[in-house]
Visitor: 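I have a structure I would like to understand better, so I am pasting it below and will then ask my questions one at a time.
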Amino acid sequence: MEIKHKSYSGERSLYSLKNASLFDVTFLDGESPLKECSSLTLDNCTFKYKYPLWYSKDIIVKNSLFEEMARSGIWYSENLSFEDVIFNSPKTFRKSKNITLKNVDFNKADETLYFCDRVTINNAYIKGDYCLLGSSDIEIVDSTIEGNYCFDNASNIKAKNCTFLSRDAFWNVKDAVIEDSVIDGEYLAWNSSNITFIRCKIISHQGLCYSKNVKLIDCQITNSDLIFEYCENIDADIDVENVSIKNPRSGSIFLSKGCKIIKNEKYIDPNKTKIVIK
């Protein structure tokens, strides 16, 4: 079935549509136009109102636009592919799985990609707070996230060639590897476990605190103070510039040169952390 050059309004306008191709279709007012749908391909489509795709599966969307009121757009859905799509709406994607995003812009991404599973992101710009909260099995490459609290309580994360401009990024995460990326923001990666940074540039006030099994390989840390407080089992090899370290609990830290080191025996055993200037 093909639908071309149409406009729809009213609630559930194409409810339960299956095995269809849509081209140049605009969904005007009316909630949930494509609820309970499956096996759809949408090209050059525009969504103007709430809840466009709920409880849907096997959906391909290309060259399309979700306007600001198309909020809470894709929830409880699976097997989703979005390419060359602009999202101007918040709260997109929640409790969905098997999501592929390529060449996409999220311009109002507050509370986007919540509690999703198996998310692949390639060449995205994401602007908004609390992106990817509670999500798992995430791969993100060549992308930028500009917004605070990204990846809170997320797990099994792989990131490469990304920029994260985010306060409180990677809090409470488990099993994350971040490569060749820039992370700029206060309070990086608190309360996390099994997190690795490879060839990253980090700028953070009180970053990497209260975490366990933290590894930094060939990283640069600049303009950062009071890092590693109460951090356990550190394995770090870092170039430093204008950096201070405070009360690490255990591990090894290899530095390119000296920096300010605070070890207060009232709170930690200073002998449990080896700090070496290479």
Side-chain angles (χ1 to χ4, degrees), residues 72-82 87 90-102 104-106 108-198 200-204 206-217 219 231-233:
S72 307
I74 303 100
W75 289 25
Y76 311 108
S77 296
E78 61 181 293
N79 303 334
L80 310 167
S81 175
F82 291 76
F87 297 92
K91 300 184 179 181
T92 306
F93 296 105
R94 186 167 297 192
K95 292 194 174 181
S96 296
K97 59 185 177 181
N98 297 333
I99 303 166
T100 299
L101 303 168
K102 184 176 181 181
V104 297
D105 288 345
F106 290 89
K108 292 190 177 180
D110 292 324
E111 302 180 37
T112 286
L113 288 161
Y114 264 31
F115 306 109
C116 293
D117 186 30
R118 298 189 293 279
V119 182
T120 300
I121 304 171
N122 189 337
N123 191 30
Y125 172 72
I126 301 171
K127 183 181 177 71
D129 293 340
Y130 286 108
C131 177
L132 288 155
L133 180 144
S135 292
S136 61
D137 298 307
I138 303 159
E139 293 190 15
I140 178 169
V141 299
D142 299 327
S143 297
T144 295
I145 294 180
E146 186 178 346
N148 298 321
Y149 325 116
C150 61
F151 299 98
D152 191 359
N153 275 286
S155 62
N156 195 16
I157 303 160
K158 295 181 180 177
K160 189 168 186 178
N161 296 327
C162 293
T163 298
F164 303 106
L165 306 175
S166 176
R167 176 177 178 171
D168 297 358
F170 299 101
W171 270 49
N172 310 299
V173 306
K174 295 181 180 179
D175 304 315
V177 178
I178 300 99
E179 297 184 62
D180 302 305
S181 296
V182 176
I183 306 100
D184 187 348
E186 299 173 312
Y187 316 117
L188 168 66
W190 283 33
N191 311 309
S192 295
S193 61
N194 304 327
I195 185 166
T196 299
F197 298 88
I198 303 172
C200 290
K201 182 177 180 180
I202 296 170
I203 304 167
S204 184
Q206 293 186 5
L208 302 162
C209 300
Y210 295 94
S211 292
K212 297 181 180 180
N213 305 327
V214 175
K215 183 177 286 189
L216 293 95
I217 302 171
C219 290
C231 188
E232 299 179 30
N233 196 23

Visitor: Report yes or no: does S166 contribute a side-chain atom to a donor-acceptor pair with the main-chain N or O of G185 at less than 3.5 Å?
Guide: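 No, the answer is negative, given that no donor and acceptor are paired below the 3.5 Å cut-off.
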Visitor: Within the 3.5 Å criterion, strictly below it, is a donor on N194 or D175 matched to an acceptor on the partner's side chain?
Guide: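 Side-chain D/A pair, N194 to D175: present.
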Visitor: Can you tell me if S181 uses its side chain to pair, donor with acceptor, with the backbone of F164 under 3.5 Å?
Guide: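 A pair under 3.5 Å: no.
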Visitor: Report yes if the side chains of T112 and Y130 come closer than 4.5 Å at any heavy-atom pair, otherwise no.
Guide: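 A side-chain contact under 4.5 Å is absent here.
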Visitor: Decide yes or no for I99 and D117: does some side-chain heavy atom of the first lie under 4.5 Å from some side-chain heavy atom of the second?
Guide: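 I99 vs D117: side chains apart.
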Visitor: Measure across L132 and I145 and return the closest heavy-atom pair with its distance rounded to 0.1 Å.
Guide: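 Taking every non-hydrogen atom into account, CD1-CD1, 4.3 Å.
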Visitor: Roughly how far apart are K108 NZ and K91 NZ, rounded to 0.5 Å?
Guide: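 Here the rounded value is 13.5 Å.
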Visitor: For the pair W190 (side chain) and F170 (backbone), establish whether a donor and an acceptor sit closer than 3.5 Å, ignoring hydrogens and angles.
Guide: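 No; zero donor-acceptor contacts below 3.5 Å.
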Visitor: Looking at L216, V182, I178, which one forms a side chain to side chain contact (heavy atoms under 4.5 Å, CB included) with I202?
Guide: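 So the option named by the test is L216.
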Visitor: So do the side chains of N172 and D152 get within less than 4.5 Å of each other, counting heavy atoms only?
Guide: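 Contact flag for N172/D152 side chains = yes.
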Visitor: Look only at the side chain of S96 and the backbone of Y76, and say whether a donor-acceptor pair between them is shorter than 3.5 Å.
Guide: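 Yes, S96 side chain to Y76 backbone: donor-acceptor pair under 3.5 Å.
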Visitor: Which heavy-atom pair separates W171 from S192 by the least distance, and what is that distance?
Guide: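 Taking W171 first and S192 second, the nearest heavy atoms are C-OG, 3.7 Å.
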Visitor: Side chains of I157 and V173, heavy atoms from C-beta outward: is any pair under 4.5 Å?
Guide: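 A side-chain contact exists here, since the closest heavy-atom pair is under 4.5 Å.
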Visitor: Among V177, L188, D180, which residue satisfies the side chain to side chain contact (heavy atoms under 4.5 Å, CB included) criterion with F197?
Guide: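 Going through V177, L188, D180 one by one, the side chain to side chain contact (heavy atoms under 4.5 Å, CB included) with F197 is satisfied by L188 alone.
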Visitor: Would you say the side-chain atoms of N148 pair up with the backbone N or O of R167, donor to acceptor, closer than 3.5 Å?
Guide: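 Yes; at least one donor-acceptor contact below 3.5 Å.
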Visitor: Strictly distance-based, threshold 3.5 Å: is any side-chain N or O of N233 a donor or acceptor partner for the main-chain N or O of K212?
Guide: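 No, N233 side chain to K212 backbone: no donor-acceptor pair under 3.5 Å.
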Visitor: To check you understand the geometry: which heavy-atom pair defines the closest contact between C231 and V214, and what is its length?
Guide: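 Closest heavy-atom pair between C231 and V214: SG-CG2, 3.6 Å.
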Visitor: Going from OG1 on T100 to CD on E139, what distance comes out if it is rounded to the nearest 0.5 angstrom?
Guide: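 That separation rounds to 10.0 Å.
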Visitor: State, with a plain yes or no, whether a side-chain heavy atom of C200 is found less than 4.5 Å away from one of I183.
Guide: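 A side-chain contact under 4.5 Å exists here.
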Visitor: At what distance, to the nearest 0.5 angstrom, does CG of L80 lie from CZ of R118?
Guide: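 Answer rounded to 0.5 Å: 11.0 Å.
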Visitor: Mind checking whether F151 and I138 have side chains closer than 4.5 Å, heavy atoms only?
Guide: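 Answer yes - side chains close enough.
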Visitor: In Å, rounded to the nearest 0.5 Å, how long is the span from CG of N161 to CG of N123?
Guide: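 Taking CG in N161 and CG in N123, the distance rounds to 11.0 Å.
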Visitor: Testing the 3.5 Å rule here: is there a donor-acceptor pair between the side chains of Y210 and E232?
Guide: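 No, because no side-chain N or O of Y210 sits under 3.5 Å from a partner of the opposite role on E232.
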Visitor: Check whether the side chains of S193 and N213 place a donor and an acceptor atom closer than 3.5 Å, and report yes or no.
Guide: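 On atom types as modelled, these side chains do not qualify, holding no pair under 3.5 Å.
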Visitor: About how many Å separate CD of E179 and SG of C219, when rounded to the nearest 0.5 Å?
Guide: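 Spacing of SG (C219) from CD (E179) equals 10.0 Å.
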Visitor: Would you indicate whether the side-chain heavy atoms of F93 and F82 approach each other to under 4.5 Å?
Guide: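 SC-SC contact between F82 and F93 confirmed.
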Visitor: Return yes if some donor-acceptor pair links the side-chain N/O of S155 with the main-chain N/O of S136 below 3.5 Å, else return no.
Guide: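 Between the backbone of S136 and the side chain of S155 there is no qualifying donor-acceptor contact (under 3.5 Å).
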Visitor: Looking only at heavy atoms, which two atoms of E146 and Y125 are closest? And how far apart?
Guide: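 That would be OE1-OH, 2.9 Å.
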Visitor: Looking at N191 and S211, what are the two nearest heavy atoms and their distance?
Guide: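 The pair with the smallest heavy-atom distance is N-OG, 3.2 Å.
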Visitor: Determine whether F115 and L133 satisfy the following criterion, side-chain contact (heavy atoms from CB on, under 4.5 Å), listing intermediate values before the conclusion.
Guide: CA-CA 6 Å; F115 306 109; L133 180 144; 3.2 Å; yes
Visitor: Considering all heavy atoms of both residues, which atom of I121 and which atom of S143 are nearest to each other, and what is their separation?
Guide: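 The answer is CG2-OG, 3.8 Å.
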Visitor: Regarding R94 and E111, does a basic nitrogen lie under 4.0 Å from an acidic carboxylate oxygen?
Guide: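 Salt bridge present between R94 and E111.
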Visitor: Working to the nearest 0.5 Å, report the span between OG1 of T144 and CD1 of I126.
Guide: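 Spacing of OG1 (T144) from CD1 (I126) equals 9.0 Å.
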